[in-house]
Amino acid sequence: MIDVRVARAIVGDAQAQVAAANAPVLGLISPIWENTDVASFGLNFNKNLLLNSTLYQEKNGEGVQDTLDALLILAKNMLGQMKRGMKGDNVKERLALMSLINVAENVLKSTEVTRKAENVSLTTTMAEDSGAPMISMMVPAIMESRERARRMQSVNNLKQIMLALHNYYDIHKHFPLAVVMGPDGKTPHSWRVAILPYLEQQALYDQYHMNEPWDSEHNMKIARTVVPIFHNPNDDGAVTNSSYFVLVGDDTAFGNKAGLEFKKVIDGTSNTIAVVEAKRDIPWTKPEDIPFDGKKIPKLGGFHQGGFNVGFIDGAVRFISDNLDPKTLRNLLIINDGNVINW
């Protein structure tokens with residue numbers, strides 16, 4: 001059940017009017033949006049597949065019913081236009097789309113809008129032989145959509161991390177070290193802690209004690225704080241583990257002892273990887289990353305099928321295929337080997 005009144009209060013009248021003006025479809029459903037108090041949705045699996053939705057309102061139930069009837073007619077017309085205008089060279093895709101449209105048409109044909117007092121119900125009953133194909137087509141699409149959204153979330157995480165590193169560079173004229181030392185010059189801390197102020201996490205940074213070890217009693221309280229930007233949405237480990245690391249080794253972006261300056265990236269900042277996705281059991285505050293000897297590529301990724309996201313020194317984020325030649329990946333990890341990759 002959804003309390004539409006709460007949704008209206010969050011969106012506000014002004015925003016709703018602007019949205020309706022820019023998207024005519026939203027204007028069509030305005031009677032539902034403006035009058036419905038609570039909406040319920042149900043799905044019954046039996047011999048038949050039953051979908052039911054009821055819109056509850058104190059007044060104007062007739063207007064809501066008329067709107068739903070009009071939307072059903074509009075949807076039927078749109079499906080018909082899609083069938084008539086279907087083109088493309090991929091026969092398999094066209095057949096799959098045609099099958100999906102046929103299922104959708106059957107759904108619309110079996111959909112009935114009824115009203116009792118001011119409450120309006122939308123009911124669809126499908127035979128078992130039509131419900132199963134619909135579910136078999138919808139579930140993979142939903143799963144694919146969810147995975148695409150999670151991958152984009154990881155891309156956004158990396159973009160924010162790279163932006164924070166560049167903002168750090170603007171102040172300090174170099175990237176942070178992979179291991180940042182505390183005031184005593186010998187207590188190690190992670191670069192992820194150092195960029196907290198540039199991720200709008202100044203308050204959390206102020207709570208962290210740089211004069212204590214990262215795993216001191218006080219700092220472990222900070223380590224148990226979830227910072228979503230450091231966590232890949234597909235990570236099934238502890239939510240306080242980092243999902244993003246730098247590679248530490250000779251001639252890598254974070255392999256020097258003075259902090260990386262762009263002028264030292266001989267191969268170009270757009271051709272050199274700075275931050276990678278990787279599945280590790282390492283808390284985000286722990287001063288530990290991924291060692292790289294310049295030869296054997298460590299295991300990276302582990303969150304997305306087919307590859308992993310990386311952040312380049314110039315701030316760009318790209319998806320690297322698992323099938324990428326290891327030699328090419330090595331070239332991308334070294335800042336000065338002279339092997340420039342033509343993207």
Side-chain angles (χ1 to χ4, degrees), residues 153-249 252-262 273-292 298 300 302-303 308-313 315 317:
Q153 180 59 55
S154 183
V155 168
N156 289 335
N157 289 348
L158 269 170
K159 285 183 177 180
Q160 292 187 62
I161 289 171
M162 295 312 303
L163 179 60
L165 286 171
H166 276 257
N167 287 335
Y168 183 100
Y169 192 104
D170 287 342
I171 301 298
H172 301 277
K173 309 309 176 187
H174 60 77
F175 273 179
L177 295 169
V179 177
V180 179
M181 293 300 173
D184 60 1
K186 57 184 180 182
T187 304
H189 303 283
S190 172
W191 63 273
R192 290 176 288 269
V193 173
I195 66 171
L196 283 175
Y198 308 95
L199 292 170
E200 299 183 355
Q201 295 284 350
Q202 182 69 49
L204 189 62
Y205 179 79
D206 291 340
Q207 295 176 41
Y208 188 89
H209 290 175
M210 295 292 288
N211 59 348
E212 297 179 11
W214 78 272
D215 56 353
S216 69
E217 182 179 355
H218 173 81
N219 284 341
M220 282 303 293
K221 296 178 182 177
I222 310 300
R224 288 189 285 269
T225 301
V226 178
V227 180
I229 290 174
F230 291 139
H231 186 75
N232 186 294
N234 272 345
D235 192 349
D236 53 5
V239 291
T240 52
N241 281 346
S242 178
S243 303
Y244 306 99
F245 299 90
V246 300
L247 271 70
V248 180
T252 62
F254 283 80
N256 60 80
K257 298 181 180 179
L260 179 72
E261 297 179 46
F262 292 159
I273 293 173
V275 183
V276 300
E277 276 182 340
K279 188 172 285 190
R280 298 287 191 280
D281 187 20
I282 299 175
W284 68 271
T285 56
K286 187 176 182 179
E288 180 180 348
D289 282 89
I290 302 174
F292 177 47
L300 304 176
F303 301 118
F308 52 93
N309 293 307
V310 300
F312 283 76
I313 293 177
V317 176

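- Although no hydrogens or angles enter the test, the distance criterion places a donor-acceptor pair under 3.5 Å between the side chain of T225 and the main chain of K221.
- Judged purely by atom type and a 3.5 angstrom limit, H166 has no side-chain atom pairing as donor or acceptor with the backbone of I161.
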Legend entry - Worked verdict on Q202 versus D206 for side chain to side chain donor-acceptor pair (under 3.5 Å): CA-CA 6 Å; Q202 182 69 49; D206 291 340; 2.8 Å; yes

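- The heavy-atom pair separating H218 from Q207 by the smallest distance is NE2-O, 2.5 Å.
- The backbone N or O of T285 sits nowhere less than 3.5 Å from a side-chain atom of R192 that would complete a donor-acceptor pair.
- Partner of I290 under the side-chain contact (heavy atoms from CB on, under 4.5 Å) criterion, out of T252, V248, V276: V276 alone.
- Of the N and O atoms on the side chains of T187 and D184, at least one donor lies less than 3.5 Å from an acceptor on the other residue.
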Legend entry - Audit row: I273, L247, side-chain contact (heavy atoms from CB on, under 4.5 Å) steps and yes/no: CA-CA 9 Å; I273 293 173; L247 271 70; over 6 Å; no

Inset, instruction - Start with the C-alpha distance between H189 and Y208, add both sets of side-chain angles, then the distance that settles ring-ring contact (aromatic ring centres under 6.0 Å, His included), and finish with yes or no. - result: CA-CA 10 Å; H189 303 283; Y208 188 89; 5.2 Å; yes

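- No donor-acceptor distance shorter than 3.5 angstrom exists from the side chain of D235 to the backbone of K279, with no hydrogens or angles considered.
- The main-chain N or O of E261 is never found under 3.5 Å from a side-chain atom of Y169 such that the two would form a donor-acceptor pair.
- Side-chain atoms of S242 never come within 3.5 Å of backbone atoms of W284 as a donor-acceptor pair (strictly under, hydrogens ignored).
- In summary, the side chains of E277 and N309 do present a donor paired with an acceptor at a separation below 3.5 Å, with no hydrogens or angles considered.
- Ring planes of F254 and F175: parallel class, angle under 30° (limits at 30 and 60°).
- Side-chain atoms of D289 come within 3.5 Å of backbone N or O of V246 as a donor-acceptor pair.
- The side-chain contact (heavy atoms from CB on, under 4.5 Å) test with V275 is passed by exactly one of F245, Y244, F312: Y244.
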Inset, instruction - In sequence, state the C-alpha distance, the side-chain angles, and the governing distance for I195 and Q201, and then conclude on side-chain contact (heavy atoms from CB on, under 4.5 Å). - result: CA-CA 9 Å; I195 66 171; Q201 295 284 350; over 6 Å; no

Legend entry - Steps toward side-chain contact (heavy atoms from CB on, under 4.5 Å) verdict (L199, Y205): CA-CA 10 Å; L199 292 170; Y205 179 79; over 6 Å; no

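- N241 and D281 share a side-chain donor-acceptor pair at under 3.5 Å.
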